[in-house]
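Written out below as structure tokens is the structure these notes cover.
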Amino acid sequence: MSVLRPLDKLPGLNTATVLLVGADDALLQRLADSMLKTDCASELRVHLARSLPLPSNVNRPRVDLLVFVINLHSKYSLQSVEKSLHHVDASFFLGKACFLATGAGRENLCSVHRNTIVRLARTYRSPVLFCDLEVEGSRAAMAQRLARMLQISAGHVPGVSAMSLLSLLRSSESPSLEDL
Amino acid sequence: MDETIAEFIRRTILKIPMSEMMTVLEAWNFLSESQLQTLNLRQRKDSLAQSVVLLCEEKCASLSDAALLDIVCTQVHRHQKIWDVYQMSKGPGEDLDLFDIEQFKSSFKKILQRALRNVTVSFRDAEENAVWIRIAWGTQYTKPNQYKPTYVVYYSHTPYAFTSSSRLKSNIPLLGQALTVASKHHQIVKMDLRSRYLDSLKAIVFKQYNQNFEIHNPTAPLQERSVGLDINTDSRIIHENAVEKDKVQRITQETFGDYPQPRLEFAQYKFWKAAMLTTTPQTPTQSLQFHNRFLETKFKSDLNGGILADREEPLRCLIKFSSPHLLEALKSLAPAGIADAPLSPLLTCIPSRGMNYFKIRDK
């Protein structure tokens, strides 16, 4: 059971690999389908995992982007992501990881507060995206956005690096009290 | 024909949806084929009800005929009632003796009539040795109220009876007594099992739930979500935890089996957590967890004690699970990644113990 590292392998030619980690398989599967449907110049590979660490007996390509999917309707999914975070190398959080909180549209069903996720993301210095994957439109938009982020973090977009994207995303947020 | 009977028939007819009108009237078997053919099903419902009443007047329908129509109507719409289950038992040394359904009916009726004088009891035989009983309650001094009856379904040769929940709680002991005596049992206990779905309750108490049985309104859409994930055609999507997923599937199948679950729509857990939580702060963590899409409850007592530390009285807590199809929902919790497999035995023991109302106390 090893720690997942971002740059321990050589990249494949024109391929970009994303790893979606989340407890709710069905949602991940649908997000993966939507991502593959997006119009994208790179060849996308989507790996789905319930939790980390990943089984070590498999040969897998380099992971370019790590997405933690948290369902706001289930505390269990938050706990499972929190546990998985222990198995990730710190250098992933230099722009190659992000949090995705789904179910944000229906607040009455939420059992995890949005602030909890925002705080978690801030602890890991990573962007957090809110969406509702159950809704077709929201899922397609999110898939497109993730595909774009993935291309950048795989280095397929000239002139933009994962780090610069991260700093761009961070600057759009207002600084938190802890940061000041 | 009495005015009240006409009104009773009229109101019963109005309750039946137009699409089922013919089936119900045919099953009632009171109006003849030719009479039924004179009915115009294209008219408005109240004029249809009026013409049915007229036909009944021609045939001089009695109260028991009207009650039979009500039973048929309830049989068709049985899932609109909430059903309780009663279990009867014989005393020691009492052996199986011959059971006669006619004798059961007459003694059942006699017991109720002796106690209340004013009571309407009607019977209708149904499939699988079942008899449907309708009881309209009255008192010594008032006429039976035909609009708030209790329905009982008794399966002859078995110790089980199902009754529709009624608001007239005072008559329940009498009903229990009539059932026990008439079916030659010794004791009757209300089981902690309730549902709208009579067939599912039957499947649970008769342990038939591991066979394929018909359920009202089959719920295909509920299952699709959990089953749908196995279809993975795109080679660009790789499941990393395939082994783990198979394990979860296997455990789920071991606990719930491969068959469709009996249909229940709620389960309830009542906890009495005693004050010991606060008196022994040395216990590091006592936690009791339930995972559900909507609900997670935790009792914790740590060294600080928290807000519960000053409580003198025991802590009571009620957890209700509800779903259009509870057991299928529980079955899909782990495969959908909402809870860990295996689930708590409290959740999985519902069909095997025949219970969906639990009372849990500290040991």
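Here the structure is a predicted model, which means the values were calculated and not measured. Residue numbers begin at 1 in each chain, while the letters A, B, ... track the order of the sequences.
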Evaluate whether atom [atom1] of [X] has more than 12 neighbouring non-hydrogen atoms of other residues, nucleotides or ligands under 6.0 angstrom away.
X	atom1	answer
B/Lys148	NZ	no
B/Glu244	CD	yes
A/Asn108	CG	yes
A/Arg145	CZ	no
B/Lys15	NZ	yes

Below 4.5 Å from any heavy atom of chain B, which atoms of A/Leu19 appear? Answer side chain, backbone, both or neither.
->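 Looking at A/Leu19, just its side chain touches chain B.
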Which atoms of A/Thr15 approach chain B - backbone, side chain, both or neither, heavy atom under 4.5 Å = neither
Find the one option among A/Arg45, A/Glu43, A/Met35 whose heavy-atom pairs under 4.5 Å with chain B are most numerous.
->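 Most heavy-atom pairs under 4.5 Å with chain B: A/Arg45.
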Could you tell me whether the side chain of B/Asn241 and the main chain of A/Arg50 form a donor-acceptor pair under 3.5 Å?
->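 Judged by distance alone, yes, a pair lies under 3.5 Å.
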Looking at B/Pro335 and A/Asp25, what are the two nearest heavy atoms and their distance?
-> O-OD2, 3.7 Å
Approximate separation, where rounding is to 0.5 Å, of [X] [atom1] and [Y] [atom2]:
X	Y	atom1	atom2	result
B/Arg236	A/Thr17	CZ	OG1	12.0 Å
A/Leu28	B/Glu240	CG	CD	12.0 Å
A/Leu48	B/Ile238	CG	CD1	8.0 Å

